[in-house]
Undergrad: 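Got a structure here, written out as structure tokens. Questions coming.
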Amino acid sequence: MNKIIARVAFVFSFLVLVACENDMEAIMNLDKKTAAVEEGKDIESMYSQLGKVKAKLTAPSMLRHLQAPVYVEFNKGLKVLFFNDTLDVESTLTARYGKYFENDANIYLRDHVVVINKKGERLDCEELNWDSKKEIFYSNKPVRISTATDTLYGTGLESNQDFSNYTILHPSGPFVLQDSTTLQ
């Protein structure tokens, strides 16, 4: 009888030990996944190049994913002010979502992306990429640009960072052409 009790106790102890090992492993894996994301609230970050402030980013929330490829996610929107050398605002960017890839310094923006330059010209699109090293915006999606006199539509865009010089790659919609013979 003592041998049967000893065997039952051994088997029971072994099962508890195995179950604890599996649970502990699951807990450790869960902890690794949780630890692989840093979270920040009420973010304010300055971006500089060669000792000059170029931009200021604000966001209500930021998630930094540490597993490769490392990226920062602005899942509740962001706003960026772009400055000239005298720290005057040259343009403003807002988006409901942004993703910054740390390895190549590229930023992917989506969901109601708006860029407004100091002349009041406004870009509206659903997706926009920002190469912060080259200081350019680009997109292959539909875009709309509103100026004081016109609204321009098209697909695809290339622009400098302050949005003072832009090109719609495939314009569409009505165009107003001025007669060049009357310009003399």
Side-chain angles (χ1 to χ4, degrees), residues 24-146 154-170:
M24 186 57 95
E25 186 176 316
I27 290 169
M28 294 298 284
N29 286 337
L30 180 62
D31 188 44
K32 284 180 189 176
K33 289 179 183 176
T34 303
V37 178
E38 297 174 339
E39 183 175 355
K41 303 247 184 245
D42 298 324
I43 304 303
E44 185 173 302
S45 177
M46 303 302 280
Y47 173 72
S48 63
Q49 251 183 352
L50 302 172
K52 294 183 180 183
V53 175
K54 295 289 189 177
K56 175 184 174 183
L57 178 142
T58 56
S61 172
M62 176 190 87
L63 301 171
R64 184 167 182 252
H65 300 266
L66 302 173
Q67 291 179 334
V70 176
Y71 66 93
V72 177
E73 185 177 28
F74 299 96
N75 58 336
K76 294 183 180 175
L78 67 139
K79 180 177 182 177
V80 181
L81 302 175
F82 295 97
F83 302 109
N84 63 16
D85 290 340
T86 60
L87 295 181
D88 292 326
V89 175
E90 290 288 311
S91 59
T92 303
L93 176 143
T94 58
R96 292 185 183 151
Y97 178 87
K99 194 174 194 179
Y100 171 67
F101 297 92
E102 291 187 7
N103 290 342
D104 58 9
N106 284 330
I107 299 172
Y108 166 74
L109 304 155
R110 69 172 162 84
D111 295 340
H112 197 68
V113 181
V114 176
V115 179
I116 302 173
N117 66 16
K118 69 180 182 178
K119 295 187 285 184
E121 297 170 321
R122 176 181 168 133
L123 164 68
D124 288 274
C125 60
E126 286 302 311
E127 286 187 18
L128 187 66
N129 295 287
W130 171 29
D131 185 328
S132 63
K133 288 181 182 175
K134 294 180 181 178
E135 297 184 354
I136 61 169
F137 291 120
Y138 59 94
S139 179
N140 61 0
K141 301 292 182 181
V143 298
R144 181 182 78 204
I145 298 176
S146 303
T155 302
L157 172 98
E158 291 179 0
S159 171
N160 59 345
Q161 184 170 279
D162 67 7
F163 194 57
S164 62
N165 185 17
Y166 52 82
T167 302
I168 297 177
L169 301 178
H170 303 284

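What you see is a predicted model, and the numbers here were worked out from it, not measured in a lab.
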Undergrad: In Å and rounded to the nearest 0.5 Å, what is the CZ to NZ distance from R96 to K76?
TA: 15.0 Å
Undergrad: Can any side-chain N or O of N160 pair as donor or acceptor with the backbone N or O of N165 at less than 3.5 Å?
TA: yes
Undergrad: Looking only at heavy atoms, which two atoms of N103 and K133 are closest? And how far apart?
TA: O-NZ, 4.3 Å
Undergrad: Working to the nearest 0.5 Å, report the span between NZ of K52 and OG1 of T86.
TA: 10.5 Å
Undergrad: Just how far is it from atom CD of E90 to atom CD1 of I116, taken to the nearest 0.5 Å?
TA: 14.0 Å
Undergrad: Which pair of heavy atoms, one from S61 and one from N75, lies closest together, and at what distance?
TA: OG-OD1, 3.4 Å
Undergrad: Under the side chain to side chain contact (heavy atoms under 4.5 Å, CB included) test against E126, which residue among V113, L109, D111 passes?
TA: D111
Undergrad: Which pair of heavy atoms, one from L128 and one from S139, lies closest together, and at what distance?
TA: CD1-CB, 4.0 Å
Undergrad: I need the single residue from F82, W130, F163 that forms a side chain to side chain contact (heavy atoms under 4.5 Å, CB included) with V115. Which is it?
TA: F163
Undergrad: I need the L169 CG to L157 CG distance, nearest 0.5 Å.
TA: 6.5 Å
Undergrad: In sequence, state the C-alpha distance, the side-chain angles, and the governing distance for Y166 and V143, and then conclude on side chain to side chain contact (heavy atoms under 4.5 Å, CB included).
TA: CA-CA 12 Å; Y166 52 82; V143 298; over 6 Å; no
Undergrad: For Y47 and S132, indicate whether the former's side chain and the latter's backbone hold a donor-acceptor pair under 3.5 Å.
TA: yes
Undergrad: Quick check: do E73 and Y97 have side-chain heavy atoms less than 4.5 Å from each other?
TA: yes
Undergrad: Quick one: are V53 and L87 in side-chain contact, heavy atoms under 4.5 Å?
TA: yes
Undergrad: What class does the angle between the rings of F101 and Y71 fall in, given that below 30° is parallel, 30 to 60° is tilted and above 60° is perpendicular?
TA: tilted
Undergrad: Looking at every heavy atom in both T155 and N140, which two are closest together, and how far apart are they?
TA: CG2-O, 3.4 Å
Undergrad: Nearest 0.5 Å, please: how far is CG in L93 from CG in L123?
TA: 8.5 Å
Undergrad: What closest approach, in Å, do V80 and A55 show between heavy atoms, and which atom pair accounts for it?
TA: CG1-CB, 3.9 Å
Undergrad: Against V72, only a single residue in K99, H65, E38, E102 fulfils side chain to side chain contact (heavy atoms under 4.5 Å, CB included); can you say which?
TA: E102
Undergrad: Where is the tightest heavy-atom contact between P142 and C125, given as atom of each residue plus distance?
TA: O-CB, 3.5 Å
Undergrad: How many angstroms lie between CG in D162 and CD1 in I136, if you round to the nearest 0.5 Å?
TA: 13.0 Å
